[in-house]
Amino acid sequence: MALEFKMPKLGESVTEGTIGRWLKQPGEELEQYEPMLEVTTDKVDTEVSAPINGTLLEILVPEGETVAVGTVIARLADSDEVASTGASNGATPAASAAPAQGGPANKAPISPAVARLAAEHAIDLRQVPGTGAGGRISKKDIEAFVAARKAGQASSAQPAAATTSPDATPDSTLATAATREVEAELHQALQSGPEALAQADAAAAMKQPQPASGDTFSTAQPKAPAAATLGPDDELVPLSPMRRAIADHMVRSKRTAPHVTTVMEADLSRVVAHRERHKGDFERQGVKLTFTPYFVQAVVAGLQAVPIVNASFGDDGIVMHQRLNIGVAVAIPDGLIVPVIKDADEKSLLGLARAVNDLAERARSRRLQADDTQGGTFTITNHGVSGSLFAMPIINQPQSAILGVGAMQKRVVVVSENGLDALAIRPMCYLSLTFDHRLIDGATADSFLGQVKRTLEQFQ
Amino acid sequence: MAELSLIEALRAGIDESMAADERVFVFGEDVGKRGGVFRVTEGLQAKYGPWRVIDSPLAEGVIVGACTGAAMSGMRPIAEIQFADFIWPAMNQIVSETARIAYRSNGDWNVPLVIRAPYGGGIHGALYHSQSVEAFFAHVPGLKVVVPATPYDVKGLIKSAIADPDPVMFFEHKKTYRLIKGEVPDGDYSVPIGKADIKREGDDLTVITYGLMLHYALEAAEQLAQTDGLNIEVLDLRTVRPLDTEMIFNSVRKTGKVLIVHEDNLTGGIGGELAALIAEHAFEYLDGPIMRLAGPDVPAMPFAATLEEAFMPSPERIAAKIRELAAY
């Protein structure tokens, strides 16, 4: 007798998860609530705990494989059972005992219609979430997958930004917010082996149907446009799911949107003074006041003044987002992630600071929920944290613009007061705005960036 | 265009055919003076005289045998079997003679005969007045078997059946006679034999059915559209032999899921033939098992109301089965 352990649902809109790492191996003892495996959903990594005291009998889904929520991924034995073999304690008997190392994750039957569509569209069925009985992939599931992939190729890609530093502090750098579909494609690239690792564009390759292989589940593999050539002294480092996601998002965003970057300079004297005055108060309330909340507030003012920047381009028209959900890129050891502050316009500086603290902390400790990274309408990347003066970030699709914040430096500037010019030393920083020229023109972008700059310079 | 009950539309079709073609006559039990037990031929004897609407003896073998001979001699008879349940004494004539004349004579002879019979349950008719018999005849090469379900179709199909050069079995569900009303064009039109009809378009699942069950399936589909957001296609076979395989396969290719509903009992029913054809010719488009909902394999329709209810597929049971298959 064994317990079936299923892929848990890790967020409201989450329908599948990727096995990041098995922290326990078959035969190892489990302690209840002790981390058993890591699961990646979109960009969020989460540890999943053992539900019981007992033993991990068998791993049914290998690392790196994506399966639908509810799919059985392992078999466990209760410690009572281990002690007295065969004793029944009401546990669900495992339906299938077949190990699946590298094999198909979804054990539900594949209907003829699904098999045919998978072959026609060159789809790896392991990537398709099943909504049918017992997690079966239905014809509708595969049609939705194909439609999403097409939509993704047409108008959406993923994130963005310029420089990153692995040691950067919480609110720094770059952007990402994978769609499930994109990750599925990336995932497939990994499945297809080293030759696919070098491919710059998994999506384009997906359009080339390949002859079906013997395995029903991978009826076709993407064609790699270029193979990674491995010299005798070279070492091939496998791509982590996040690395692959970032790589694809960058390429897709660049291909999707004509990027234009405009740069302004802001005098942060008032912000610095404000922060000096208030950081003690904030600290007494348990909140660390960084510069990020000021930039979020300035961006909110800019978006309210120039709403087109808070929009998405689509072939049918421009989608004007009513909510101001500001993503803040956070560097983490092997990549970056963009948690989103929802309804940033409804939060005070204290509320923003608290949200930034919370999201950055959870991003670094990998405790973000999948929903935390979704729904962003604009992104800020604080590349200045790692010393960069200015950069040209890549847009976090399907958003229309991204603000790069450069390093704050004291510079000698000319200030004019009452008709008199004087030299002064001011804390200055460059603000670079990369925008999608399909829906935003230069003057509009400058009007937005000007509002951001004025809000910072006139901060009360 | 007028709204007619199914029985009125059927009568109008027979009436118009008789007016247009003097060779057409009706032969059956109580069809003349009484106008048939269901009044299908009411008024026709008064209109066309006793030699064109003829009361027969209580002998179905004679009805079919005499009509077969008349048809071979150039007439266009309509044989009425009072209830489909009574057709068995005519079985030898129908299968051994009527169906085979054209084949046996290498096409020198043909039998332009329509054999009409009310079939089906749900009317508290019990063992001898409720049977569904279409599958027996659909098994016989040489016969066409028509089961119309709407006033429009019944008028159009009776005209096609009368005009057809070969024998046509024409089964009318007796519960639909006065229950089902619909718009019927005035004057001449016909509905071709062997053509199905999509009575409701959808893309989630196809229900293939005919007769009274068409109306129950449509009711179930409407209900599920409201409650479950399901978009059910309902295909009315209208003719169960020959089957309109083109329309059936097209619908299956579109939806990928098939539920077959008939009142006739399950084993050896039309559903089995449909399932085999679909599995053979549209296999690669199937996204779920081909399911059947049919009357149970019990010897006959029971008399007790509760048991009759248990026998008949209902809109609720069809809806439950659709849900089950849609969720697969």
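Chain identifiers are assigned alphabetically (A, B, ...) following the order of the sequence lines, protein sequences preceding nucleic acid strands; residue numbering begins at 1 within each chain. Side chains are part of it too, since the values below use all heavy atoms of this structure and drop only hydrogens, waters and symmetry mates.
Glu143(A) places none of its side-chain heavy atoms less than 4.5 Å from the side chain of Asp203(B). Between Ser111(A) and Phe283(B) there is no side-chain heavy-atom pair separated by less than 4.5 Å.
The two residues Asp287(B) and Val114(A) have their closest heavy-atom pair at OD1-CG2, 3.3 Å. The shortest heavy-atom contact between Ser138(A) and Tyr328(B) is CB-O, 4.3 Å. Minimum heavy-atom separation, Arg116(A) to Glu284(B): NE-O, 2.9 Å.
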**OP:** Apply the test side chain to side chain contact (heavy atoms under 4.5 Å, CB included) to residues Lys140(A) and Asp204(B): give CA-CA distance (whole Å), side-chain angles for both, the deciding distance (0.1 Å), then the verdict.
**Re:** CA-CA 9 Å; Lys140(A) 286 197 180 298; Asp204(B) 284 328; 2.4 Å; yes
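Applying the 6.0 Å contact sphere to CD of Glu183(B) captures more than 12 heavy atoms from other residues, nucleotides or ligands. Summarising the local packing, NZ of Lys342(A) is surrounded by more than 12 heavy atoms from other residues, nucleotides or ligands at distances under 6.0 Å. Taking a 6.0 Å sphere around OH of Tyr189(B), one finds it holds more than 12 heavy atoms contributed by other residues, nucleotides or ligands.
Not one N or O on the side chain of Lys139(A) forms a donor-acceptor pair closer than 3.5 Å with the backbone of Leu286(B).
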Less than 3.5 Å apart, which donor and acceptor atoms pair up between the side chains of residues 138-149 of chain B and the rest of the protein, not counting sequence neighbours?
{"unit_1": "Lys144(B)", "atom_1": "NZ", "unit_2": "Asp164(B)", "atom_2": "OD1", "d": "2.9"}
{"unit_1": "Lys144(B)", "atom_1": "NZ", "unit_2": "Asp164(B)", "atom_2": "OD2", "d": "3.0"}

